[in-house]
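Read through the structure below, which is laid out as structure tokens, and then see the notes.
Note: hydrogens, waters and symmetry copies are ignored here, and every other heavy atom, side chains too, is used.
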Amino acid sequence: MAGKKRPSTALAEPEAAAEEEAAAKLAPAVEAPAKKKKLAMERKKQRKEIDKERHRQSAESDAAAAKPKQPEEVAPEAAAAAAAVAPPPVIPVVSGPGLHMNVFRDLASPEVSQREAAAEALVAELRQVQRAYEKGGRKGESEAEGGDGSARMEAEKDDGLENCAPSVRYAIRRLIRGISSSREFARQGFALGLAVVLESIHSISIEAIMKLIPNLLEYSASMRGPEAKDNLLGRLFGYGSIVRSGRVSGQWAREEGSPIVKDFVDEVVKLGSKKRYLTEPTVAVILDLAGKLPEEAIISEILEAPSVQDWFNRAADAGDPDALYLALKLQEKTNAQKEIFGKLLPYPFTPEVFFAEEHLLSIAACFKESTFCLPRIHSLWLVITDMLVREAASQSDIATSSSKKHKKNKKGSSSEDTKRNLHTFCEVIIEGTLLLSSHDRKHLAFNILLNLLPRLSPSSIQVILSSKVVHGLMDVLSNESSWLHNAGQHFLKELVSLVSDDNDRRVAVITNLQKYTGGRFDCMTKTRTVKDLVAKFRSGQDCLCLVQSLMSLFLDESSVTDEPSDQSQTTDENSEVGTIEDKDLFGQGSADLLKSWIVTTIPCVLKNLKLTSKGSSLTDSEMVKCIEEKFLVQTEVLKFLAVQGLFSASLGYEVTSFELHEKFKWPKPAISTSTRNECIEQLQFLIEDAQKDEALHVSEVKSNDLGFYFMRFINTLCNIPSVSLFRTLSTNDNNAFKKLLDVESLLFYEERKVGPGLDSTKMHAMRHLLIQLLLQVLLHPDEYWEAAIDVTICCKKSFPSIIENDKSSGQPSNEGVEGLNEDGLVKSNKDGLEESNDGVSEDSNEDGPLEFMDVLVQTFLSVLPHVSGPVFRVVCDEITETGLLDMLRVVKIDLKGSRRQSGSDDDDDACVDIEDDDETVVEDAEVGDTDSAADGLDEEMDDDSADEVDEGQDDLKETVVHESKDGDGAEATKDGDDSDDSDGMDDDAMFRIDPYIARIFKERNLPGSETKQSQLMRFKLRVLTLLEIYLQRNTGKNLVLEVYSFLMQAFLKSHSADGSEQFKQRIGGILQKRIFKAKDYPKGDGVELSSLEALLEKALTLASRSRYTTVASVAQNAAFWLLKIINSKSHSKQELASVVDKFQYILTDYFNNKRSRLKLGFVKEAVRRNPWIGEELFGFVLQKIGCTKAEYRRVQTLELVDCILKSWAGDDSSASKVLKKHLSQLCELIQEVLTKIPENKSRRQEVRRFCTRVLQTVTKLNLKDRFQKKLNPETLSLCEAQLGAAFVRFRK
């Protein structure tokens, strides 16, 4: 408000109003020349200020005139007398009716409650003013104000408010101007005030307000900027206030034939046509009005209004979403069956006709143009969403409230109609209109789908997540530079959140995402969406639901469309086009990719079923329930993998088993060989994992033997005439297949007969080995039949009781055993690998017939990719040296280059390769403190050491990502020898050990042979798992030394040949955890000292010369372990002299050769653990320390001498004897180190501390006099000068 600010309770005085009005009229005349030079905008603002001042004066005059009529504190009789005789007072009384200015200020408050209170106060005051005005009569007021003519300023304007008091007229004008203000919440507050004023004071003409709003809030096409926007929004809020007041609908109801509604609608439609952003809110105003009118009035007064009809007729072609929104809402309110909606709605109207393809195409432009309000979603989409899901919801209510048959049928048909409408809408609008257009419209499509998803059933979710939608989402997510990448991530995040708590919805999302991306959605989008969704299935029922859905997807003929991903279908000219590899994904191999994903994922679901969890334990009953649930899922998975991987139907694609009471199906397109192989491999993993879980089973569970279930299932299917194995077996394979089935059955019944115990455990383990062999025979034609027959013979030899029960064999049961004893393994004539005496290897296993355990070990190696730890664990105690060496040689083999047959020592070669290098000589200053070097490996290897065996089994199922470089004979190692790890074995000898390795070697020169290195590495890691099992149970056997030797050589070679990092860590972990830190170690007379000395010498050499920190650390711990074994035997000093010589050798190299990498911390730790070594080294160190040229190493050696002195603690007699013998050398050492005192402060202090500790030791051993006699005068003076008080105390 212009002018001086007045108190909130002050009312206007007539005299003051007249003076101010005169001053206001005089001002324009005086300043007329200056006004002409101002801009039009400034003149308009000035006129507004003058007009506001006049309004204020008018309100004050009106309040002053009304004051004598309503005194608050005077009796009615006295008030009437005073009004008749007393003149108006000079000072006004504030208690009379009037308009307080503070209510307008409070209308703009940010607080809703304050705005509402201000509106109520405004209405109360205006009611009093209007009531007083009407009681006093217009004539009296005119005479009272006619003195100067200034009070007639509102009446002189033809605004249609002649029946209103001046204060009311002022308030109306101010409220209209206030709704155009953008200050704080003025627009909302003044609109509220206008609505309640119009609702409460019926003397205000609605027609006048409708005219006054555009007059006061002027707008022209030439207006620009905030003023034009404020005026337009002011008009909009003004019309909204009129509707909210209920005056329009009320007047139409009172006055028959009143055109008020049509006039009002015309004004609102005209306002909406001025700016694009006004159209949707004007529709909201019209719908608000329609909500207050009866149905017939909506049709006659709104729908048939000329402006609305013209709008509807133009909307479909122009693409006006607001017109479509209005038409749908009014149709919903009236259910009008007239052709009054133009092309927007069909006639007659039904949801089915509206969502018909033809009609949706005709109004597609309306949907496309709804993107103008992004990121907000247009109200039209809320109506469309409601229409798509309303019928399904209503029919769901009908189904829950009644179970009558006709209602169920109605529900079924309505559900189909709803799904059909949804499908058509998604196909035409989402896929055919929005996803083919700009980025904004793609973004809109994702937002619409997010609004639909929470309200749809799982089957409907599969409808909207169509092929084009999934491809579009994948295109967006696969390109991080895409403008829509964030929108795609948001969609995916919300999608996962929406389905996280609903199994059926989650299954639907997983199915569709993988169906249309060939099972590679996560890979292509670089996310973990599908993997995380699968991990959310926790209970047995949930997992079973997912497994069954994936099985149905596997068998679904329409699961994959082999059409390529057409980028033009999901991207516009501005979109990023995917790579060629992405496009190839949806080519011919898409079906196989999807089936491969299903085969891999179904067994993984079982990992979600945890029988126990950390920090909590289950009772026996709960455990039984969990095991039964998991077993149920396991059997379903097993049947699926067995049927799809092992069998095929000879007649049709469906077979019914009357014995199992089940129906088995196969997909009509023939399953590829690779998919069948994956099924078999997953079967092997499934049975292996089930065997691990058996350790958790409790006694209540009797029949949870998955291996037994599998073998009986195989037998049953083989007996169905119309079912056959997926390939025809050769004679050898078929014979092996039958023998495996028979022997497994015999072992099963014998296991049940024997009962719990060691024999039963062995039989159970052997049964699983037979099952693995059976699958290997089916997986690899003509490769594993020999191993299979060998194992069946071994089983009969190990468990003679089953021979008596063998009724299936036509020949005597002991024939196989005799054959084993005479010939060892079954001979093989395939692939030219005949066994002969030519070129016999030096290996011990070629010298004579193989023992029972040797056959088993070779079988373990044959089926190693899928053999389980428990099978080996029960027989590893009986393993022979031959079998163990076979396993150890596998760890050392390499694909690179050709094999040598010379008998050179591998370890020596490896040591040379590691020791010799031409790197920069290590300077004295670069050598760090090494006191803690002895324990370095303990810290380093703990994190990287081998996990428990069961964890290692799981890890080895994954592909080794660290592959060794493919030498292929093209590159040699540093010393020119790239293959020295076979112990003189040629290829044929290795083939005889293991057909799995043979297959790798035969393919090593084929294209793509770099993958063979990874296969071999994976095979080595599996062998390490078996070795770890052996070491875990047999750490005290002498064969552990052989294991140590081979593992150490493999560890060295893995460093010199750039081996796999995983392989290095695994070997280092086994050495550290299972050998060096084991509670037991090899003892007894079977361990020769010469062998230990040879191993110790190599370990010391590596510790002092290896350039690899990890190798040096392992070698140090190996030396400690070997010394512990040596100390466990009673050897004389003469026998141990060679051990001391080994230490003297590395110390001599340390003193004389700068290339030595020996860390004296290791030697000090060896002395601390073995004091006898220190006694023997004491004189040698005193003699050699003076020859050390490097100052740093000389100081470090002083610490070694001090460590030796400390190791004698508690044995004074022995220490005194040794010290007497070397007193002269000790005095010479003190003289030398004090003469060459270092300049470095820390080293100088170390020298002084050493000398002081020597003096203390001499004093403690009572050798003080002898020591002083040995000191020459020069040494005495040096001690006095360098040692000071310490030497003075010594001489006292």
Worksheet entry | Straight-line distance of L380 CG to L328 CG, nearest 0.5 Å | 6.5 Å
Item to complete: Taking N231 for its side chain and E218 for its backbone only, find out whether a donor-acceptor pair lies under 3.5 Å.
Response: yes
Fill in: D230/R183 ion pair, N-O < 4.0 Å
no
Discussion item. Can you tell me how the ring of F367 sits relative to the ring of F425, calling it parallel under 30°, perpendicular over 60° and tilted otherwise?
Written reply: perpendicular
Discussion item. Set out, in order, the CA-CA distance, both residues' side-chain angles and the distance that settles side-chain hydrogen bond (donor to acceptor under 3.5 Å, both in side chains) for K368 and S437, then state yes or no.
Written reply: CA-CA 8 Å; K368 292 175 67 174; S437 191; 4.7 Å; no
Practice prompt. With the side chain counted from C-beta on, respond yes when E267 and K270 share a heavy-atom pair under 4.5 Å apart, and no when they do not.
Written response: yes
Worksheet item: Partners of S362 by side-chain contact (heavy atoms from CB on, under 4.5 Å), sequence neighbours excluded?
Response: H359
Worksheet item: Just by distance, do the side chain of T279 and the backbone of G272 share a donor-acceptor pair under 3.5 Å?
Response: yes
Worksheet item: Should we say atom CD of E255 is surrounded by more than 12 heavy atoms from elsewhere, each under 6.0 Å from it?
Response: yes
Practice prompt. Start with the C-alpha distance between W381 and N447, add both sets of side-chain angles, then the distance that settles side-chain hydrogen bond (donor to acceptor under 3.5 Å, both in side chains), and finish with yes or no.
Written response: CA-CA 10 Å; W381 293 108; N447 289 339; over 6 Å; no
Item to complete: Could you check R169 against E162 for salt bridge (charged side-chain N to carboxylate O under 4.0 Å, His left out), going step by step and ending with a plain yes or no?
Response: CA-CA 9 Å; R169 299 166 80 174; E162 295 81 3; 5.8 Å; no
Worksheet item: Is it true that atom NZ of K262 has more than 12 heavy atoms of other residues, nucleotides or ligands lying nearer than 6.0 Å?
Response: yes
Worksheet item: Should F264 and V285 count as side-chain neighbours, where that means a heavy-atom distance under 4.5 Å?
Response: yes
Worksheet, complete the sentence: Those residues at least two apart in sequence (or on a different chain) that pass side-chain contact (heavy atoms from CB on, under 4.5 Å) with K338 are I299, E304, I340
Worksheet item: Does a sphere of radius 6.0 Å around NZ in K292 hold more than 12 heavy atoms from other residues, nucleotides or ligands, not counting ones at 6.0 Å or beyond?
Response: yes
Response to the item:
To the nearest 0.5 Å, atom NE2 of H443 lies from atom OG of S438 at 11.5 Å
Fill in: D310 side chain vs P306 backbone, donor-acceptor pair below 3.5 Å
no
Worksheet item: Under 3.5 Å, is there a donor-acceptor pair between the side chain of R247 and the main chain of I204?
Response: yes
Worksheet entry | Stepwise side-chain hydrogen bond (donor to acceptor under 3.5 Å, both in side chains) test for S466 and E427 | CA-CA 9 Å; S466 61; E427 185 177 8; over 6 Å; no
Worksheet entry | Contact check, side chains of R254 and Q251, non-hydrogen atoms, under 4.5 Å | yes
Discussion item. Measuring from atom CG of D322 to atom CH2 of W311, what distance do you get when rounded to the nearest 0.5 angstrom?
Written reply: 6.0 Å
Discussion item. What's the separation between atom CG in D320 and atom CZ in F312, rounded to the nearest 0.5 Å?
Written reply: 9.5 Å
Discussion item. Check for me whether R235 meets the cation-pi criterion with Y219, that is, NZ or CZ under 6.0 Å from the six-membered ring centre and within 45 degrees of the ring axis.
Written reply: no
Worksheet item: Is it true that atom CD of E111 has more than 12 heavy atoms of other residues, nucleotides or ligands lying nearer than 6.0 Å?
Response: no
Worksheet item: So, does R115 use its side chain to make a donor-acceptor pair with the main chain of P110 at under 3.5 Å?
Response: yes
Discussion item. So for atom CZ, which belongs to R244, do other residues, nucleotides or ligands contribute more than 12 heavy atoms lying within a distance under 6.0 Å?
Written reply: no
Discussion item. Is it the case that the side chain of Q114 and the backbone of L107 share a donor-acceptor pair, with hydrogens and angles ignored and the cut-off at 3.5 Å?
Written reply: no
Discussion item. To the closest 0.5 Å, what do you measure between CG (D106) and CG (L122)?
Written reply: 11.0 Å
Practice prompt. Verify, without hydrogens or angle tests, whether Q130 (side chain) and A165 (backbone) share a donor-acceptor contact under 3.5 angstrom.
Written response: yes
Response to the item:
Which of I298, L293, D266 passes side-chain contact (heavy atoms from CB on, under 4.5 Å) with V261? Answer is L293
Item to complete: Please examine the side chains of M210 and I242, heavy atoms only from C-beta on, and report whether any two atoms are closer than 4.5 Å.
Response: yes
Practice prompt. If the plane angle is over 60° it's perpendicular, under 30° parallel, otherwise tilted; pick one for H378 and Y325.
Written response: perpendicular
Worksheet item: So, do R173 and L216 sit near enough that their side-chain heavy atoms are less than 4.5 Å apart?
Response: yes
Worksheet item: Looking only at heavy atoms, which two atoms of A327 and L344 are closest? And how far apart?
Response: CB-CD1, 4.1 Å
